**Q** 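One structure coming up, written as structure tokens, with questions to follow.
Note on naming: letters A, B, ... go to the chains in the order of the sequence lines (proteins, then strands), and numbering restarts at 1 for each one. Quick caveat: nothing in here was measured; it's all calculated off a predicted structure.
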Amino acid sequence: MISLRALKDRTAGGVMFFLTIASLLLVVAMGVGLYFKSSPVLADHSLGELLFSSSWHPMKGEFGFLPFLMGTLWVTGIAVILFLPVALLAAIYLTEYARPAVRKYVFPALDILAGLPSVIYGVWGTLLIIPWISEWLAPHFVEFSTGYTALAGGVVLGVMILPLMVSLFIELFTSVPSELRDASTSLGATRWQTVKRVVLRKSVTGILAAVVLAVSRAFGETIAVLMVCGNLPEVPRSIFNACYPLPALIANNYGEMLSFPQYEAALMFAAMILFVVILLFNLISRIILYRMEKRFA
Amino acid sequence: MKSLIKYFTFTSELRSDEQSEENILGRRQRIFRPDYKFVRGKDESEIRAEGLNIHIKERHILKDVNLALPDKKITCVIGPSGCGKSTLLKTFNRLIDSVEGIRIEGKVLLNGEDIIGSGQDITRLRRKMGLVSQKPCPLPMSIFENVAYGCRIHGLANKRKLKMVVKHYLEAVGLWEEVCDRLNTPAVRLSIGQQQRLCLARSLAVEPQFILADEATSALDPISSKTIEELFVKLKRNYSIIMVTHTLRQALRIADYVVFMYMGEIIEAGDAQQVFNDPKHELTKKYLSGAFS
Amino acid sequence: MKFKFIEERLFKLLMYLATLAVFGFVVSIIWTIVSRGWGAMSWDMVSKLPGGGFYVGKEGGFLNAIVGSLYIVGASTLLGLLVSIPVVFYMNVYLSKNSRLAYVARLAYDVLFGIPSIVYGAFAFTIMIYFGMKTSLAGGIIVVTLLIVPIFIRSMDEVARTFPRELLDAAYSLGATRFETIRVVLRQIMPGIATATLLSIGRAIGDAAGVMFTAGYTDSIPTSLSQPAATMPLAVFFQMSSPIKEVQNRAYAAAMVLTLIVLALSVAGRLITNRFSKHRV
């Protein structure tokens with residue numbers, strides 16, 4: 001006969017097992033639910049039309065997502081191009097050069113950046129970046145710009161993903177064994193040569209995975225970008241054009257979409273695109289990072 | 001404490017940088033072959049430590065080390081673990097700089113030039129000091145690139161010359177035959193003994209004067225470590241080899257000169273024959289007889 | 001001077017600049033928010049509900065948002081703890097170190113951590129409509145809970161993984177069942193729970209996109225779970241988009257309050273981590 005204690009042990013185990021696999025179920029449920037909700041629009045329009053048409057007239061039943069996809073790509077691209085070098089350099093500095101005392105000040109700063117709510121970044125972007133672009137930067141290149149541009153979205157987004165990238169990179173670089181550095185420097189390499197030829201080379205897959213992770217974070221960022229990027233449903237032609245990323249589209253129209261089933265389905269389709277892309281990106285990069293962690297452990 | 005035993009060498013003339021720079025590019029003269037007698041001329045080399053004290057934070061790691069190491073010989077540094085052997089070795093190529101909270105006092109003279117003071121071009125110094133570490137650590141690149149790495153660092157980009165250099169040094173460590181058909185495979189796929197020889201070739205490729213070996217055979221199987229030992233014996237023709245070792249028998253086999261350390265101090269240093277057969281110091285006797293290790 | 005030394009110096013300079021930039025951004029953001037928010041700040045802001053004509057610049061404050069946020073954050077933190085402690089315990093005590101299920105579960109939680117709140121919001125919204133629910137406090141709490149559970153689990157898990165297995169063996173050898181070791185484990189990972197909680201509160205209080213769909217917005221303080229609730233980030237967001245200067249100023253004041261709360265959480269988190277690492281063996 002099973003004792004009461006053993007029974008308790010098993011029941012608790014069962015409950016906890018269920019909670020643990022609930023995470024998996026949630027992922028599946030989200031995928032299925034979003035697909036189910038977006039099926040009306042998928043039934044009426046081909047996937048190609050939805051993804052590559054740029055005519056967005058919900059009331060006429062035309063749903064071309066190209067402007068929004070391009071908007072997302074533009075802001076994300078700008079953010080990564082501008083801030084990947086900053087993140088890399090800062091991470092290299094903190095792991096290879098800086099004294100512990102310096103790290104003691106920089107890490108809390110990164111914590112704060114990572115912890116600030118998205119809406120705060122939005123306010124900061126509106127108050128500082130937008131006037132800066134419209135009054136200082138844009139006049140050198142274009143005749144007129146409100147400042148609410150893809151560039152503003154990219155800058156704000158870049159600062160938001162900066163702490164994520166830096167902390168992932170630091171983890172990667174510190175896991176490179178120090179014997180490798182010693183081997184390289186004892187051949188007469190300077191520190192930077194060692195970093196460039198050994199440390200970066202050793203962690204190149206990890207860096208890619210980290211960037212993919214940061215990109216997927218950028219894809220889903222909503223409020224901050226929504227507040228600064230202008231929100232015009234057109235494919236941007238330059239960094240000084242307004243753009244309209246996918247999450248902003250969903251957030252801006254959540255109220256009115258209910259009036260019209262096709263419209264609702266279209267917005268759910270947008271959410272599904274985000275979900276699928278981010279799911280894949282996360283899966284790939286996490287698996288790569290797990291492998292690296294294991295290899296060095 | 002027993003005072004140092006001086007080893008006499010000629011006061012050496014310094015090699016100018018330019019000359020050594022030339023050497024790395026046109027290194028063919030320094031070919032290492034049994035039948036080839038390389039005459040190094042006036043660049044007699046020597047390491048000499050004078051009043052060397054090292055603290056790491058509050059700990060006194062090396063205590064007033066005075067030492068002169070002979071040229072073109074195998075010097076074995078022996079002593080119980082934690083006695084500062086590795087620290088001494090790392091001081092010679094200043095890898096110790098990266099240790100947190102390090103404080104170095106005293107002098108280390110290389111060819112009469114102090115290498116501890118600031119303002120040194122450390123990269124030049126380190127090039128003169130080839131390091132073979134305890135665990136072989138091939139860089140994350142191909143076999144070829146591992147050997148070519150140092151040369152590339154020092155500005156050799158000519159593909160043809162690089163190939164010559166790589167072949168030459170792989171031959172010197174007896175690895176060429178084994179790997180010549182897979183030079184572009186990652187170095188980590190080699191066996192551990194091969195990796196260690198590869199690391200040796202990599203060090204030799206930058207034309208060092210010294211080879212610093214930090215328990216270079218302790219991670220290897222007996223056959224591979226024998227190969228390395230034999231290589232060292234061959235190499236002492238052209239290089240001064242300083243090796244830290246844990247196995248007394250290894251020191252007995254190959255050492256020309258022995259330094260015995262205990263608790264951060266040099267207890268005894270001298271010719272291998274003399275130290276092993278007729279140790280002067282009580283502690284050395286005890287250590288050699290296996291009373292502690 | 002040789003090229004490699006020039007290169008070394010150049011990159012070192014760039015690295016200094018990059019690291020300074022990190023500081024620059026922190027200072028710039030906090031300075032911008034506080035300097036604009038301070039002027040608009042008053043006791044009324046945090047102690048009064050929006051009065052009539054609030055959104056054209058008249059009387060009132062954003063107490064509704066503060067209370068709404070507190071409700072949502074408090075409830076979802078509690079729920080999150082209830083869900084995530086068993087999961088962490090299960091993954092680290094019941095499952096072996098190389099368990100396939102633990103690997104998949106960790107991966108799943110890492111992936112869920114990456115899913116943006118807008119997607120959670122949209123998903124939860126469709127579910128709520130399916131069940132005929134309206135935007136409500138309950139909806140907000142559920143979405144925020146879903147959002148923070150992955151953070152809870154992964155950051156506690158990081159600490160729990162370093163938990164010495166010998167301690168478990170000691171408990172087993174006294175005749176404890178696996179479930180009964182929970183006390184030992186909990187005591188050991190307490191600091192991890194504390195930091196995880198602070199992290200989660202930070203994320204929960206700052207989330208806007210998720211609650212926008214599910215909790216809605218209201219000028220009053222909700223009295224039941226089925227009423228909509230206002231939240232701080234949305235208070236900032238909605239008032240920012242107003243063309244009227246006074247209303248915008250209130251947005252800055254709300255932004256400042258939100259920033260200060262998050263800063264306080266961050267400092268507290270640091271203190272706990274420092275304390276923790278001090279007592280670590």
Side-chain angles (χ1 to χ4, degrees), chain A residues 5-6 8-9 12-13 15-17 19-20 23-24 26-27 30 33-34 37 86 89-90 92-93 97 106 108-113 115-120 123-124 126-128 159 162 190-193 213 216-217 220-223 227 247 250-251 254 268 271 274-275 278-279 282-283 286, chain C residues 4-5 7-8 11-12 14-16 18-19 21-23 25-26 28-29 32-33 36 83 86-87 89-91 94 104-105 107-112 114-116 118-119 122-123 126-127 177-179 202 205-206 208-209 212-213 233 236-237 240 251-252 255 258-259 262-263 265-266 269-270:
Chain A
R5 285 171 63 216
K8 215 163 134 193
D9 185 55
V15 172
M16 291 189 282
F17 171 76
L19 281 176
T20 308
S23 59
L24 281 174
L26 185 62
V27 176
M30 278 171 96
L34 289 175
K37 285 301 269 188
V86 179
L89 286 168
I92 293 171
Y93 178 73
Y97 288 80
V106 182
L110 286 168
D111 272 4
I112 292 173
L113 271 192
L116 283 175
S118 147
V119 72
I120 298 298
V123 176
W124 173 69
T126 320
L127 289 177
L128 205 75
V159 181
L162 185 64
T190 61
R191 257 203 259 199
W192 172 250
Q193 281 174 319
L213 212 57
S216 68
R217 173 66 54 83
E221 192 42 62
T222 312
I223 296 291
M227 285 167 85
I250 305 171
Y254 78 101
M268 287 304 148
L274 278 179
F275 175 76
I278 289 168
L279 181 73
N282 265 280
L283 270 178
R286 284 293 178 189
Chain C
K4 67 175 177 186
F5 295 112
E7 199 190 1
E8 173 91 21
F11 275 96
K12 213 167 164 185
L14 287 176
M15 284 177 213
Y16 281 136
T19 312
V22 172
F23 273 111
F25 287 125
V26 175
S28 150
I29 292 171
T32 311
I33 302 290
R36 290 299 280 268
V83 174
V87 173
F89 182 70
Y90 187 76
M91 287 201 296
Y94 276 67
V104 174
L107 184 63
Y109 282 111
D110 269 343
V111 169
L112 280 176
I115 304 280
I118 185 103
V119 174
F123 172 68
T126 60
I127 300 284
T177 62
R178 287 177 298 183
F179 184 63
I205 204 169
M212 185 185 244
F213 281 96
V236 178
F237 177 64
M240 271 293 275
Y252 303 144
L258 188 54
T259 310
V262 172
L263 280 182
L265 288 172
S266 176
R270 268 286 141 189

**Q** Between A/Val159 and chain C, which part of the residue has a heavy atom less than 4.5 Å away: side chain, backbone, both or neither?
**A** side chain
**Q** Taking all heavy atoms of A/Gly13 and all of C/Tyr94, pick out the closest pair and write down the distance.
**A** CA-CE2, 3.5 Å
**Q** Please classify the contact between A/Thr190 and chain C as side chain, backbone, both or neither, with a heavy-atom cut-off of under 4.5 Å.
**A** both
**Q** Which pair of heavy atoms, one from C/Val22 and one from A/Ala109, lies closest together, and at what distance?
**A** CG1-CB, 4.5 Å
**Q** Do A/Trp192 and C/Glu8 have side-chain atoms, one donor and one acceptor, less than 3.5 Å apart?
**A** no
**Q** Using every non-hydrogen atom in the two residues, find where A/Pro117 and C/Gly206 come nearest and quote the distance to one decimal.
**A** CB-CA, 3.4 Å
**Q** Per the side chain to side chain contact (heavy atoms under 4.5 Å, CB included) rule, which among A/Ile278, A/Leu279, A/Leu34 passes with C/Val119?
**A** A/Leu34
**Q** Quick check for you: to the nearest 0.5 Å, what is the distance between C/Ile118 atom CD1 and A/Ile250 atom CD1?
**A** 5.0 Å
**Q** Just so I know, are the side chains of A/Ile223 and C/Met212 near enough to count as touching, which here means a heavy-atom distance under 4.5 Å?
**A** yes
**Q** Identify the two heavy atoms, one from C/Val262 and one from A/Gly115, that lie closest to each other, and give their separation to 0.1 Å.
**A** CG1-O, 3.3 Å
**Q** Checking A/Arg191 against chain C: side chain, backbone, both or neither under 4.5 Å from a heavy atom?
**A** both
**Q** Mind listing the closest non-hydrogen atom pair of A/Ala90 and C/Ala18 along with its distance?
**A** N-CB, 3.8 Å
**Q** Can you confirm whether C/Ile29 sits close enough to A/Leu113 that some side-chain heavy atom of one is under 4.5 Å from a side-chain heavy atom of the other?
**A** yes
**Q** Give the C-alpha distance, both sets of side-chain angles, the deciding distance and a yes or no for side chain to side chain contact (heavy atoms under 4.5 Å, CB included) between A/Leu127 and C/Tyr252.
**A** CA-CA 10 Å; A/Leu127 289 177; C/Tyr252 303 144; 3.2 Å; yes
**Q** Heavy-atom distances under 4.5 Å only: say whether A/Ile120 touches chain C with side chain, backbone, both or neither.
**A** both
**Q** Side chain, backbone, both or neither: which part of C/Ile115 has a non-hydrogen atom closer than 4.5 Å to chain A?
**A** both
**Q** Is any side-chain heavy atom of A/Thr20 closer than 4.5 Å to a side-chain heavy atom of C/Met91?
**A** yes
**Q** Step by step, would you call C/Met240 with A/Val119 a side chain to side chain contact (heavy atoms under 4.5 Å, CB included)?
**A** CA-CA 10 Å; C/Met240 271 293 275; A/Val119 72; over 6 Å; no
**Q** Given heavy-atom pairs under 4.5 angstrom as the criterion, report whether the side chain, backbone, both or neither of A/Met227 touches chain C.
**A** side chain
**Q** May I ask you to decide if C/Phe179's main-chain N or O and A/Asp9's side chain share a donor-acceptor pair within less than 3.5 Å?
**A** yes
**Q** For the pair A/Trp124 and C/Phe25, evaluate side chain to side chain contact (heavy atoms under 4.5 Å, CB included) and give the outcome as yes or no after the intermediate values.
**A** CA-CA 10 Å; A/Trp124 173 69; C/Phe25 287 125; 3.9 Å; yes
**Q** Report yes if some heavy atom in the side chain of C/Leu112 is under 4.5 Å from a heavy atom in the side chain of A/Val27; otherwise report no.
**A** yes
**Q** Report the distance from atom CD1 of A/Ile112 to atom CZ of C/Arg270, rounding to the nearest 0.5 Å.
**A** 9.0 Å
**Q** Please rank A/Arg286, A/Arg217, A/Glu221 by heavy-atom pairs under 4.5 Å with chain C and give me the top one.
**A** A/Arg286
